[in-house]
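To keep things clear, I will list the structure first and then write my remarks on it.
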Amino acid sequence: QVQLVESGGGLVQAGGSLRLSCAASGHGISSRVMAWFRQAPGKGREFVAGLSRSGGSITYADSVQGRFTISRDNAKNTVYLQMNSLKPEDTAVYYCAGRNLAYVVFSRSSSDYNYWGQGTQVTVSS
């Protein structure tokens with residue numbers, strides 16, 4: 001089992017930056033596919049960024065490419081999402097997610113992830 005806890009959300013002006021953290025306990029994240037998703041009010045859960053089990057492959061949603069960076073610190077058992085040049089349309093609850101250890105590559109589908117955090121609110125004002 002893996003428990004995920006997100007932090008780092010908040011209110012920021014457009015153009016600003018935030019860094020989200022996802023701390024894991026239990027079996028950890030060092031050999032696990034990890035991803036960030038987000039959900040805006042009235043919308044479905046959207047893939048934001050994914051990190052393969054080895055860390056050698058990373059992908060981003062087109063809407064955040066070039067502005068967001070996903071990374072992992074195995075020593076701290078933590079995944080990060082650095083968000084720069086934030087826009088009002090980035091406003092959402094952000095969730096950290098992990099797949100079972102059997103999976104090597106990430107997926108853009110939320111249904112493929114087995115472990116979820118409680119979410120952290122990011123609000124970007126114009």
Side-chain angles (χ1 to χ4, degrees):
Q1 290 294 325
V2 177
Q3 293 79 44
L4 303 174
V5 179
E6 301 97 335
S7 62
L11 174 63
V12 64
Q13 288 188 332
S17 298
L18 284 173
R19 188 177 79 157
L20 305 183
S21 298
C22 171
S25 60
H27 287 173
I29 61 166
S30 61
S31 296
R32 193 180 297 278
V33 172
M34 300 296 297
W36 287 93
F37 287 79
R38 66 186 181 187
Q39 188 164 16
K43 295 187 177 181
R45 198 162 292 192
E46 173 191 23
F47 173 82
V48 174
L51 184 66
S52 66
R53 195 170 71 178
S54 69
S57 182
I58 295 174
T59 193
Y60 298 95
D62 289 345
S63 58
V64 307
Q65 180 75 47
R67 300 188 297 122
F68 290 12
T69 303
I70 186 173
S71 61
R72 171 167 51 201
D73 185 332
N74 291 336
K76 295 184 177 180
N77 225 12
T78 301
V79 175
Y80 302 98
L81 185 68
Q82 177 67 43
M83 306 187 296
N84 299 328
S85 302
L86 282 162
K87 303 175 181 180
E89 51 263 44
D90 294 319
T91 295
V93 177
Y94 283 71
Y95 297 91
C96 175
R99 301 193 77 180
N100 278 334
L101 291 174
Y103 297 100
V104 177
V105 297
F106 46 74
S107 167
R108 292 176 181 259
S109 174
S110 61
S111 61
D112 288 335
Y113 288 80
N114 308 96
Y115 306 102
W116 292 86
Q118 82 290 350
T120 185
Q121 176 70 47
V122 171
T123 303
V124 184
S125 63
S126 56

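Note that these values count all heavy atoms, side chains included, but never hydrogens, waters or copies made by symmetry. In what follows, residues are counted from 1 in the order of the sequence shown.
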Qualifying salt bridge (charged side-chain N to carboxylate O under 4.0 Å, His left out) pairs, either residue in residues 50-70, two or more places apart: Arg67-Asp90
Atom pair CG/OG of Leu101 and Ser30 - distance to nearest 0.5 Å: 8.5 Å
Shortest non-hydrogen contact between Val2 and Ala24, atoms and distance: CG1-CB, 4.3 Å
side-chain hydrogen bond (donor to acceptor under 3.5 Å, both in side chains) involving Thr59 - partner list, sequence neighbours excluded: Arg108
Residue pairs passing the disulfide (SG to SG under 2.5 Å) test where at least one lies in residues 44-81, sequence neighbours excluded: none
Modelled atom types, side-chain donor and acceptor of Ser107 and Ser109, under 3.5 Å: no
Which atom pairs, donor and acceptor, lie under 3.5 Å between side-chain atoms of residues 81-88 and protein residues at least two apart or in another chain?
{"unit_1": "Gln82", "atom_1": "NE2", "unit_2": "Asn84", "atom_2": "OD1", "d": "2.9"}
{"unit_1": "Asn84", "atom_1": "OD1", "unit_2": "Ser17", "atom_2": "OG", "d": "2.9"}

Atom pair CG (Leu4) and OG (Ser25), whose distance is rounded to the nearest 0.5 Å: 7.5 Å
Where at least one partner belongs to residues 34-72, residue pairs that pass disulfide (SG to SG under 2.5 Å), sequence neighbours excluded: none
Pairs flagged by disulfide (SG to SG under 2.5 Å) wherever residues 44-93 is involved - sequence neighbours left out: none
Counterpart residues, side-chain contact (heavy atoms from CB on, under 4.5 Å), relative to Ala40 (two or more places apart): Lys43, Ala92
Arg32 (side chain) donor-acceptor with Arg99 (main chain) under 3.5 angstrom: yes
CZ-OG distance between Arg72 and Ser54, expressed to the nearest 0.5 angstrom: 7.5 Å
Check: Val124 main-chain N/O paired with Thr91 side-chain donor or acceptor under 3.5 Å: yes
Connected hydrophobic set around Tyr95, excluding itself, where side chains approach under 4.5 Å: Val33, Phe37, Phe47, Val93, Phe106, Tyr113, Trp116
Distance, nearest 0.5 Å, that separates OG1 of Thr78 from CE of Met34: 9.5 Å
Can you give me every donor-acceptor pair (side chain of residues 5-14, partner residue at least two apart or in another chain, under 3.5 Å) with its distance?
{"unit_1": "Glu6", "atom_1": "OE1", "unit_2": "Gln118", "atom_2": "N", "d": "2.9"}
{"unit_1": "Glu6", "atom_1": "OE1", "unit_2": "Gly119", "atom_2": "N", "d": "2.8"}
{"unit_1": "Glu6", "atom_1": "OE2", "unit_2": "Cys96", "atom_2": "N", "d": "2.7"}
{"unit_1": "Glu6", "atom_1": "OE2", "unit_2": "Gly119", "atom_2": "N", "d": "3.4"}

Pairwise salt bridge (charged side-chain N to carboxylate O under 4.0 Å, His left out) hits with a residue in residues 112-126, at least two apart: none
From CG (Asn114) to CG (Asn100), nearest 0.5 Å: 3.5 Å
Pairs flagged by ring-ring contact (aromatic ring centres under 6.0 Å, His included) wherever residues 51-88 is involved - sequence neighbours left out: none
Sequence-distant partners of Ser63, side-chain hydrogen bond (donor to acceptor under 3.5 Å, both in side chains), two or more places apart: Arg38
Shared hydrophobic cluster, Ile29 / Val105 (ILVMFWY, side-chain heavy atoms < 4.5 Å): no
same_hphob_cluster(Ile58, Tyr103) at 4.5 Å side-chain heavy-atom cutoff: no
